[in-house]
Each structure stands twice: as C-alpha cells, then as structure tokens.
Amino acid sequence: MSTSWADSVAADNNAASGSSNINGTGVASHPARSTYVPPHLRNRPPTAEPPFSSHSAPPSDNDRIGYGGSTSGSRPGGSRPDYGRQGYGSGGRGGGGWNSRGGDGIVGGEVNPFGNDDVNDEAERAFAEQESTGINFDAYEDIPVETSGENVAPPVNTFAEIDLGEALNLNIRRCKYVKPTPVQRHAIPISLAGRDLMACAQTGSGKTAAFCFPIISGIIRGQFERPRGYRTVYPLALILSPTRELSMQIHEEARKFSYQTGVKAVVAYGGAPINQQLRELERGVDILVATPGRLVDLLERARVSLEMIRYLALDEADRMLDMGFEPQIRKIVEQMDMPPPGLRQTLLFSATFPKEIQRLASDFLSNYIFLAVQSVGSSTDLIVQRVEFVHASDKRSHLMDLLHAQMTNGIHGKQSLTLVFVETKKGADALEHWLYASGFHATTIHGDRTQQEREQALRSFKSGNTPILVATDVAARGLDIPHVAHVVNFDLPNDIDDYVHG
DNA sequence: AAAAAAG
C-alpha cells in the first residue's frame, strides 16, 4: 500500500515575504462555515446597524483615573511578596527609584519585550516588519467576513479609528502593526462595545491582538478594585489555550501590547516548576494566560481566584475540546468562583464551529455575536500546496531531496526554516535521528520531551540553529513562527479537520 | 488512532 505526503510551500521564494503559519498548509477553507447561522439567530429579520459608540467600556466599577494608585507603599521587587495587585503599576514607575532609569531595557521594573528597537540593516527591517504578523496584508482585502447577532458594532479600517488609548496605540506602533486584520477590524469594535463574541478564525489571522487589545484597554479604563488575599491573586482577565507553547506565545504578545500600561500579564502552564510561576503571580497579575491543567491546580491550591474575572478568552476552543479539556474548562468556567455570563465578557475563538463548540458557546456566552472570517490560506497568492504520492519506502529520500533544495534557498547565509509534521512521537524521534545522521540540523517537539527540551527546540528552530523542526501536532495549531518557508506533512493526517486546521 | 495536558 502506498502512502502519500504533502508539502506546502510558500509561493514566493523571496524568503522575506515567505513567512507563513507554522501550519500554513494553505488548504481551501470550509465553505459551510461562512454560511453558518447560530441556532439562536436563525429566522430573524436582518437588523439595521444602529448608531454606535465606538468605545463604550465594558462594565466598570468606577471611573477613577490613576490606575494602581492605592498601593503607594508597595515596593516592587521587594523581598516581601506583594499580595493582590499591589507591587506594580504606578508604584513601579512613579517613584521608589527602583530601576526607574531603565538601564538595560528595563523601565520601571518592566523588561522591554520588544528587545532592541534599533533596526539598522534594511533587510532586517523588512524582515522585522513581516515578522510582526507573518501576514501579507494586501492578500486580505477581499477576505469575506460574516457577522450575525443584534447591534453588531461596525468594523473599522484603521487602528486610529478605535480609541484604545495612548499607551496601547504606542505599543501597536512598536509592534509595527500597520492595519488591522479582518478579524481585528470586526472583533475589536464588538469587544470594545462590551459584547460577547464567538469568532471563527484561523491561526495567523491576528486573533491574539483581537482579544488582547479590548481586554487591555478595558482593564486600563476599568479601574477595577480587587480584594487582597493571603497568597491568593485575583486576575481580571483569563486567557485559556490548549498547549503550553501557545500559552507562552500569547503571553509574549500580551506583554508587548501591555508594555508600560500598568497592566500585567502572567503565564502559567504545566511541565515547568510551579514555584516560579507562583512567585510571578504574587507580584501581581491582571491577565492570566494558562493551560487548563495547571490553572485547575492553581485554583485548587487557592493561589488564584477567578472571582474578579471581567474578561474570559478561550483560544483554539475546538482544539481544547479535541484534547479532552472540556471537563477542566467547565470546571474552571462554571464550577469555580468565576462570575457568570453577563457579568463577565467572554470571547470564544475556534477554527471550526461543530456542535460541541456551539454548546460551549451557548453555555459560556451571553447574547453573543457570531463572527466568521474566511481562511487566509484560501488565497493561492500566498501559499502553494503540493501533494505528492510516494511509496512509504521513498518518503525519507524524497524529504531529503526537498531539504537539499531548501539549503540553497536561505537568506542571510542561513537556511530557511522547514517544519515537518509527523503523526507520532516515536516517528518524530526516528525522523530526527535519521535527518541528523544524514547531516541535517534537526530537532523535535512533542509531548514525550520535557518542557525544557520543548522550549529549547522551539528557540533553536526560530533562531535558525536547527532549521528543521520535526513536530507532532503539539505544534499543529496556533503557533505562529516567523520565517517558516516550508511546511511538510510527512504523514498524511488521518483527521482531515486537523489537516486543514479548520 | 495519536497526541496533548497536572503531578
């Protein structure tokens, strides 16, 4: 019996613009999705778009300005753990003199998440600009977007049209975001209006910013008071994601977006020492990014309370259900101390919208708006896909041919990055070993490796040290790695939904 | 069916 493997290749061999999603297989979108109407919205007359205030803030306790001002006595970085939300915010920047000179990229005790801002080399600059999203904006113009629900806030065309606040606007510029992506154009105004949202969008569509901007903006405006517990922290926003690496990535982005806003994002996931994460939490947390298992652990230890949650975002929800997280997610959202729908704002993101997600949406969301963004990958300008049928015994030599061709394709003297997906952890190790023996610098990422090894592998791949990464579907969705030129599906996926990633 | 996620 012959097997097949498919590869997808960024059409544009100019590597600077060839960055693609880690899972950029570029398969056509689901036509069914765009026409889906949520059950509760069927058979309703279309509603005209009403006049709309573009930045009404979500429910807030009061309107005071001067975020974090009530903790004047706190000492950021002091030896005593700071409880609740004290320990950062205005205390870090205003006074105290702790690192306030901002020497090595540290300002007010906050590490600059943007790294070195000076981009001198012109090629590097072009690279960096692509890196900000990995997306060719021009390919976006005609992407169909569908919304349904009552009183849907109209989309915006520029970030300037949205009043996100000065600090956030500055960070958007630092991220070199020029123009909102389709999901951002629609989702941000809807979220800023305080509405719950169910959004179908794929990886690389700019989802993270779409839910982070309104959350950060809302927290800045909200001035939420919080209790102080002994070792218990009270985040205002919770972002759940299926894999540890995706949580890390969301956290990194959230840190950039919230830089110097006084809003603090913390990440918690399994496989890493919990003590370090606990210390980080004790220093204060507004936005908690977490994988479900570790969060349940933290909740059971009463180190985190969800009582003050105002914003809940679930990323890659269908994937979380696929991975069997529904019990944990329901425990977190329904059986702990989180405010019910209506008293919090909930944003649910999923690549697909099957029955289970529909059920989750009707349980977690209140009077929500449904948003479907067509797949970017359907643009053949962006990605070329090739399927080759080869005998199982020829697969490796076939891959080797492809990798050899790739070696001459690099830029800046570095080989461009190739991501190889395989079905099993064992298969990943075997392929890596074989590649290594064949003279290729390859590494692997899969669930049998320690978290340290996984993170090291990802760093090594991103840096180009090992330009080949063999991965199981721990990396199959959500991760967005700049400069990936080739994505190879070495084993034909059994699950076609995984293959088209929605 | 395999993979992922809490030790």
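As the structure is a prediction and not an experimental result, all values here were calculated from the model. Each chain gets a letter, A, B and so on, in the order the sequences are listed, and its residues count up from 1.
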Review point. What's the closest nucleotide to the T424(A) side chain, out of dA3(B), dA5(B), dA4(B)?
Key: dA3(B)
Check your understanding: Is the distance from OP1 or OP2 of dA4(B) to the nearest side-chain N or O of T291(A) less than 4.0 Å?
Key -> no
Practice item. Name the nucleic acid region contacted by R454(A), choosing base, sugar-phosphate or nothing; use a 4.0 angstrom heavy-atom cut-off, strictly under. Key: sugar-phosphate
**Study point:** Minimum side-chain heavy-atom gap N367(A)-D196(A) below 4.5 Å
**Key:** no
Check your understanding: Do F211(A) and I239(A) come within less than 4.5 Å of each other through their side chains, counting heavy atoms only?
Key -> yes
Review point. Whole-Å distance between dA3(B) C1' and D491(A) CG?
Key: 13 Å
Exercise for review: Kindly write out the residues that satisfy salt bridge (Lys or Arg N to Asp or Glu O under 4.0 Å) with E453(A), not counting sequence neighbours, or none if the list is empty.
Suggested key: R449(A)
Exercise for review: Report which part of the nucleic acid G324(A) touches: base, sugar-phosphate, or nothing (heavy-atom distance under 4.0 Å, all strands).
Suggested key: nothing
Practice item. Give the rounded distance in Å between these two atoms: CG of D315(A) and P of dA4(B). Key: 18 Å
Exercise for review: Nearest whole angstrom, please: distance from the C1' of dA2(B) to the CZ of R319(A).
Suggested key: 11 Å
Practice item. Would you please confirm or rule out a distance under 4.0 Å between OP1 or OP2 of dA3(B) and any side-chain N or O of K426(A)? Key: no
Review point. With F364(A), which residues qualify under ring pair (Phe, Tyr, Trp, His ring centres under 6.0 Å), at least two apart?
Key: none
Review point. How many Å lie between CD on E326(A) and C1' on dA5(B), as a whole number?
Key: 15 Å
Exercise for review: Specify the separation, in whole Å, of atom CD of E423(A) and atom P of dA4(B).
Suggested key: 11 Å
**Study point:** Integer-rounded Å distance: dA2(B) P and N489(A) CG
**Key:** 18 Å
Practice item. Kindly state whether the ring of F213(A) and the ring of F257(A) have centres lying under 6.0 angstrom apart. Key: yes
Point to revise | E245(A) CD to dA5(B) C1', straight-line distance once rounded to whole Å | key: 11 Å
Exercise for review: For L240(A) and dA4(B), give me the distance from atom CG to atom C1', rounded to whole Å.
Suggested key: 15 Å
Review point. Between R244(A) and dA6(B), does any side-chain N or O lie under 4.0 Å from OP1 or OP2?
Key: yes
